[in-house]
Amino acid sequence: MNFELSKEQQMVKSMVHEFAEEVIKPRAIEIDEQAKFPVDIFKQMGELGLLGIPFPEKYGGSGGDTLSYAIAVEEISRVCASTGLSYAAAVSLGASPIYYFGTEEQKKQFLKPLASGVALGSFGLTEPNAGSDAGGTATTAVLKDDSYIINGEKCFITNASYAETLIITAVTGKNDKGKNMISAFIVPVDTVGVTITSNYDKLGMRGSDTAEIVLNNVSVPKENLLGDASKGFKQFLYTLDGGRISIGALGVGIAQAALEKSLQYAKERKQFGKSISSFQAIQFKLADMAMEVELARNMVHKAAWLKDKGKSFSKEAAFAKLFATETAFRSANQAVQIHGGYGYMREYEVERYLRDAKLLEIGEGTSEIQRLVIARQLGC
Amino acid sequence: MKIYVLLKRTFDTEEKISVVNGQIDEDSAEFIINPYDEYAVEEAIQQRDAHGGEVTVVTIGNEDSEKQLRTALAIGADKAVLINTEEDLDDGDQFTTAKILEAFFDGKDVDLILAGNVAIDEASGQVGPRIADLLGIPYVTTITSLKIDGTAVNIEKDVEGDVEVIETTLPLLVTCQQGLNEPRYPSLPGIMKAKKKPLEEIYLDDLDLGEDDIEAKTKTIDIFLPPEKAGGRVLEGDVKDQVKELVSLLKNDAKVM
Ligand SMILES: Cc1cc2nc3c(=O)[nH]c(=O)nc-3n(C[C@H](O)[C@H](O)[C@H](O)COP(=O)(O)OP(=O)(O)OC[C@H]3O[C@@H](n4cnc5c(N)ncnc54)[C@H](O)[C@@H]3O)c2cc1C
Ligand SMILES: Cc1cc2nc3c(=O)[nH]c(=O)nc-3n(C[C@H](O)[C@H](O)[C@H](O)COP(=O)(O)OP(=O)(O)OC[C@H]3O[C@@H](n4cnc5c(N)ncnc54)[C@H](O)[C@@H]3O)c2cc1C
């Protein structure tokens, strides 16, 4: 056993921490208030190689590991969860499937710009009538001559308005058991028939772009099929497993921020002639927050470590996502409580943590779905 | 061009520092590259990129200093040297540091040495000038601009907020002031490549130095934190009365007048 980060991982942590504090943090309130996706920050993150951490250099990546990537997501989300979400979605959902399942050609053409940070990717799975139940996907792709013709509608898709490539899941037929066969396609956003609109007015994660995609007779060459046509369902389950590690890391970042802000405030705020941090009721809240943050981080790191070692990590990723995101929500809630009336005000930022944290219990598999995944792993 | 950067690992003065038994408690402190040395690293890289050559970062420290050296390599330096004094040296001062580096530079082909203006821990600002003196090369402290053309060097130096323009020649030692440049972040590919760059570790033995040669010229008597800042006081009443009270407080209480 060794709980110490490697020198590289420590350096990634220091670097991203500093970058987040200096470049992102001063903008976090404005990003939330104006619900504006910070294009310039993503450009800088791309230049620093953050968008390519877990991909090899030959595909434009930085040659790092999942753990370094999780550390980067945590540090960015600690100052701005919206930026953290768009970052995690770009890497785990937009780029990773191409790395996992793409052909050499696809990696060169589509992964390289994403990994080197000159473009963003987006992953369209959810549909108006297929959320938790992705098997209910209604979008279809029909092979005609050398092209697939895709028709359907996707909703709640992160980064789509700013993306260059979309990965779209669609039904391509039925398998022997009569079940829908779902496949994934790489769809450049400028393909005729693709319409992307982002009109959602969100509770939190307001600086992260969320969009609706309408696909109307969209034709892509058959070479844009990603991976095995008959294994699309398995493929996105694997992709989501990986994504859960990063959403867990996002939760750790918010929870860490909630803890730091609360501790500082509790020491400074005086009521009844004393710092409120001297009241046991407040101390217990802080103690719980500190404990849960540490446990959540350990679980996220373990899931990332398992993935890096090539071991199965599906259950651990669900543990990490479930525990870390619920920790984020609890910690943010307690942070508002500790701040009293001030905590209710935007200026103190903890109310934003609470709004942002709520998404984590919904996106990339709701808390209920995580429990289903875990129960299935237990053999239920 | 052969460019060397003198780099120090220091505790982060923006984080909490505690003193235990007259020593800074290293376990609870955060360690960083001395911020002024970051300007030196950045400048070295920019000069190398403009004129060609090689940047070597040098530190005197122990194994823990490797992280700061690797960070400098990740930022873009080519080589690093750790002069590990962990086993051989208990207490050193600016004299010690300068003597060790004099021995290190002995026989080396050097065009430019960059150091920080001060190290934020002890803040003496002496190491750079002392080394230049021992090596017999010119030095300019607190520089905010460095232009090199062949061996001719044109420098802007910060003098308490004013600018002094100085012409000199290579080989040269400079110490870097805030404003010289905007230090970059190490990039992710840079961090990954850093582990493949050469990091040489040498000991005092390798430099033919004995303890006597480098024995500190100063003694540290005590280390303590500044007194806790007492809560401020807001004076009230007429401006005239406020001024009177303030003057009286400055004279009698604070005794600064
Ligand atoms: C800001 C944001 C960003 C998003 N980004 C993306 C993206 O980039 N790509 C993408 O494809 N999707 C994205 N999504 C969609 C997200 O993944 C879905 O919202 C999520 O999977 C839940 O689906 P749903 O909204 O349809 O809810 P539903 O599936 O309708 O769930 C409603 C409720 O029912 C519960 N429930 C459903 N089934 C069960 C069951 N079997 N047992 C017990 N409880 C159940 C759920 O847990 C939930 O509480 C995003 C969503 C948001 C809000
Ligand atoms: C939208 C809004 C509307 C409001 N409207 C009104 C209004 O109309 N009129 C009005 O007068 N006020 C109003 N308030 C103020 C509100 O009543 C106070 O915010 C509330 O009483 C808490 O006080 P505080 O914000 O100073 O928090 P604090 O008293 O500083 O409390 C901070 C934290 O410390 C805890 N704490 C404090 N003392 C102890 C203790 N002894 N033991 C354990 N824990 C302790 C608190 O429970 C809280 O978690 C409003 C506030 C808001 C946000």
(message) Testing the basics here: between A:Ser275 and A:Lys267, what is the closest heavy-atom pair and its distance to 0.1 Å?
(response)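 Where A:Ser275 meets A:Lys267 most closely, the heavy atoms are OG-O, 2.9 Å.
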(message) Taking the ring of A:Tyr87 and the ring of A:Tyr69, is the distance between their centroids below 6.0 Å?
(response) yes
(message) Please confirm whether the ring centroid of A:Tyr162 lies under 6.0 Å from the ring centroid of A:Phe42.
(response) no
(request) Measure A:Glu57 against the heavy atoms of chain B and call it side chain, backbone, both or neither at under 4.5 Å. (result) side chain
(message) Applying the side-chain contact (heavy atoms from CB on, under 4.5 Å) criterion to B:Asp93, which one of B:Thr97, B:Thr96, B:Asp91 satisfies it?
(response)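 When side-chain contact (heavy atoms from CB on, under 4.5 Å) is applied between B:Asp93 and each of B:Thr97, B:Thr96, B:Asp91, only B:Thr96 qualifies.
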(request) Name, in order of residue number, those residues of residues 5-38 of chain B that have a heavy atom at a distance of less than 4.5 Å from a heavy atom in chain A; otherwise write 'none'. (result)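 The list, in residue order, is empty: none.
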(message) Is the ring pair A:Phe19/B:Tyr185 parallel, tilted or perpendicular, if the boundaries are 30 and 60 degrees?
(response)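 Perpendicular, since the angle between the ring planes exceeds 60°.
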(message) Using a 4.5 angstrom heavy-atom cutoff, name the option from A:Gly49, A:Ser14, A:Ser62 with the most pairs to chain B.
(response)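 Among A:Gly49, A:Ser14, A:Ser62, the one with the most close pairs to chain B is A:Ser62.
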(message) Between A:Gly52, A:Ser68, A:Gly64, who has the most heavy-atom pairs with chain B when the cutoff is under 4.5 Å?
(response) A:Gly64
(message) Are there over 12 heavy-atom neighbours, none belonging to A:Glu104, within less than 6.0 Å of that residue's CD?
(response) yes
(message) Quick check with a 6.0 Å cut-off and a 45 degree axis cone: is A:Lys112 positioned over the face of A:Phe110's six-membered ring?
(response)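 No, cation not above the ring by the 6.0 Å, 45° rule.
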